[in-house]
Amino acid sequence: MRLDNMLLAEGVAGPEKGGGSAAAAAAAAAAGGVSPDNSIEHSDYRNKLSQIRQIYHSELEKYEQACNEFTTHVMNLLREQSRTRPVSPKEIERMVGIIHRKFSSIQMQLKQSTCEAVMILRSRFLDARRKRRNFSKQATEVLNEYFYSHLSNPYPSEEAKEELAKKCGITVSQVSNWFGNKRIRYKKNIGKFQEEANIYAVKTAVSAAQSGGDSPNTPSSAGTPRYPSEGTGSQQHPLLWGRSSWEPPLPTTSASCWNRSSQELPPQPAPLPCSLQRPLLGLE
DNA sequence: AGACATGATTTCTA
DNA sequence: TAGAAATCATGTCT
């Protein structure tokens, strides 16, 4: 029964019209992404689902036919036997019951394997990792601008995340993912990001100079040359992220760690690891 | 084809 | 429960 329900829900069993499209739409919605080529993948999903559906129905038909044929065959046999021995209606009923049970268990297997096929298709369709798309250049730019102009505390608030998400045309959780990835990758390899940081520092500085104020997305904080001083007033590199005392794997360059607690409290001028004593971003 | 980049997921922790 | 860290899976570049 559960298998039946599932096949019905997936549009494999049940009426042909629109079969699967609802499920595909639901799957697409669950996937969360609003990719431009969604319709392509959507139709791909539908095609595959209708393939499964076709196989399922043709197999089902075959089984039903075979079941009927076998039943009549057995009935004929019993009829023949009734000439030589008494065959009660009860016996006939029993035989038919056995045959039907056998065939329904075969049908069950068919349903089960169809369900599996649908699940695999669905998981492929839904698995966001499989359909990962890089963000647009403009979106990455917006995120990077925010990140580098908040280097001292790259933890956007919920509102900031929402605003960034809106600007970038992505979801809030994608923004969170992006910042999570960015923070960890930045910390792991600051050297590699210095050039990028410098570029955004210049950008922010230029746009600040042009607008004669803060850049629109960095209302309260300073851009990179002005950057890390967000709240600290310190000229030291105040990067102190990381909820636990994070130690850089290679304390060669101006390593840093962020402190989650620094989100709530204005960053303390405080105990920077010696590795933070040098200015960051190759601006020394 | 392989290396690297990057978005998403999983696991763990405070 | 948000974030760190590790890892996965795909995209992109050479």
Side-chain angles (χ1 to χ4, degrees), chain A residues 27-38 40-42 44-45 48 119-148 150-200 221 228 230-231 238-252 254-268 270-273 275-276 280:
Chain A
V34 192
S35 64
D37 54 346
N38 202 353
I40 297 168
E41 295 187 25
H42 188 127
D44 196 37
Y45 178 86
K48 297 237 164 73
M119 284 327 248
I120 289 167
L121 177 68
R122 216 176 142 81
S123 77
R124 288 205 160 187
F125 187 77
L126 287 175
D127 191 344
R129 278 200 286 217
R130 286 180 193 278
K131 41 194 253 108
R132 182 178 77 75
R133 296 279 180 277
N134 288 348
F135 296 158
S136 69
K137 256 197 159 157
Q138 181 255 340
T140 314
E141 199 128 305
V142 169
L143 294 167
N144 271 318
E145 256 170 44
Y146 188 98
F147 180 82
Y148 286 111
H150 292 74
L151 251 190
S152 61
N153 189 28
Y155 297 86
S157 63
E158 271 312 301
E159 300 87 72
K161 281 181 192 170
E162 272 166 35
E163 203 186 318
L164 287 168
K166 213 187 258 177
K167 267 188 189 170
C168 301
I170 58 179
T171 66
V172 171
S173 69
Q174 282 178 305
V175 172
S176 300
N177 284 341
W178 190 92
F179 273 88
N181 284 326
K182 189 73 181 182
R183 279 191 301 265
I184 202 79
R185 284 164 186 164
Y186 180 88
K187 271 207 288 191
K188 274 187 172 173
N189 197 347
I190 290 176
K192 198 184 85 181
F193 288 97
Q194 284 194 352
E195 199 185 336
E196 187 179 71
N198 288 339
I199 290 167
Y200 282 99
S221 85
E230 182 174 69
L239 291 184
L240 229 143
W241 339 320
R243 59 211 323 252
S244 57
S245 55
W246 173 83
E247 288 299 333
L250 291 170
T252 51
S254 47
S256 64
C257 60
W258 294 287
N259 227 337
R260 258 183 93 197
S261 56
S262 69
Q263 283 178 271
E264 283 82 45
L265 301 169
Q268 302 300 309
L272 290 174
S275 55
L276 297 182
L280 180 71

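Below, read A as the first sequence line, B as the second, and so on, with proteins coming before strands; counting in each chain starts at 1. Worth saying up front: this structure is predicted, and the values here are computed from it rather than measured.
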Any A/Q174 side-chain nitrogen or oxygen under 4.0 Å from OP1 or OP2 of B/dG7: no
Test log, rule salt bridge (charged side-chain N to carboxylate O under 4.0 Å, His left out), inputs A/E158 and A/K161: CA-CA 5 Å; A/E158 271 312 301; A/K161 281 181 192 170; 3.6 Å; yes
Min side-chain heavy-atom separation A/C168-A/V175 under 4.5 Å: no
Atom of A/P156, atom of A/L164 and distance for their closest heavy-atom approach: CB-CD1, 4.4 Å
Nearest-Å distance for atom pair CZ/C1', residues A/F147 and B/dG7: 16 Å
Candidates A/Y200, A/F147, A/W178 - the one meeting ring-ring contact (aromatic ring centres under 6.0 Å, His included) with A/Y186: A/F147
Distance, rounded to the nearest Å, where A/K137 contributes NZ and C/dC13 contributes P: 9 Å
d(CZ, A/F179; C1', C/dG3) in whole Å: 13 Å
A/Q138: side chain to side chain contact (heavy atoms under 4.5 Å, CB included) partners, not counting sequence neighbours: A/S136, A/V142
Spacing of A/R183 atom CZ relative to C/dA5 atom P, expressed in whole Å: 10 Å
Side chain proximity check, A/E159 to A/E162, heavy atoms < 4.5 angstrom: no
Atom pairs under 3.5 Å, N or O on each side, protein against nucleotides 4-6 of chain B: can you list them with distances?
residue : atom : partner : partner atom : Å
B/dT6   : O2   : A/R132  : NE           : 3.2
B/dT6   : O2   : A/R132  : NH1          : 3.4
B/dT6   : O2   : A/R132  : NH2          : 3.0

Between P of B/dA8 and CD1 of A/I170, the distance in whole Å: 7 Å
Nucleotide nearest A/K187 (side chain, heavy atoms from C-beta), chosen from C/dA5, B/dA8, C/dG3: C/dA5
Distance below 4.0 Å between A/K182 side-chain N/O and C/dA5 OP1 or OP2: no
Non-neighbouring partners of A/E196 that pass salt bridge (charged side-chain N to carboxylate O under 4.0 Å, His left out), sequence neighbours left out: A/K182
Euclidean distance, atom OH of residue A/Y155 to atom C1' of B/dA14 [Å, nearest integer]: 13 Å
Distance test, side-chain N/O of A/K161 to OP1/OP2 of C/dA2, below 4.0 Å: no
Interatomic distance where CD belongs to A/E158 and P belongs to C/dA2 [whole Å]: 7 Å
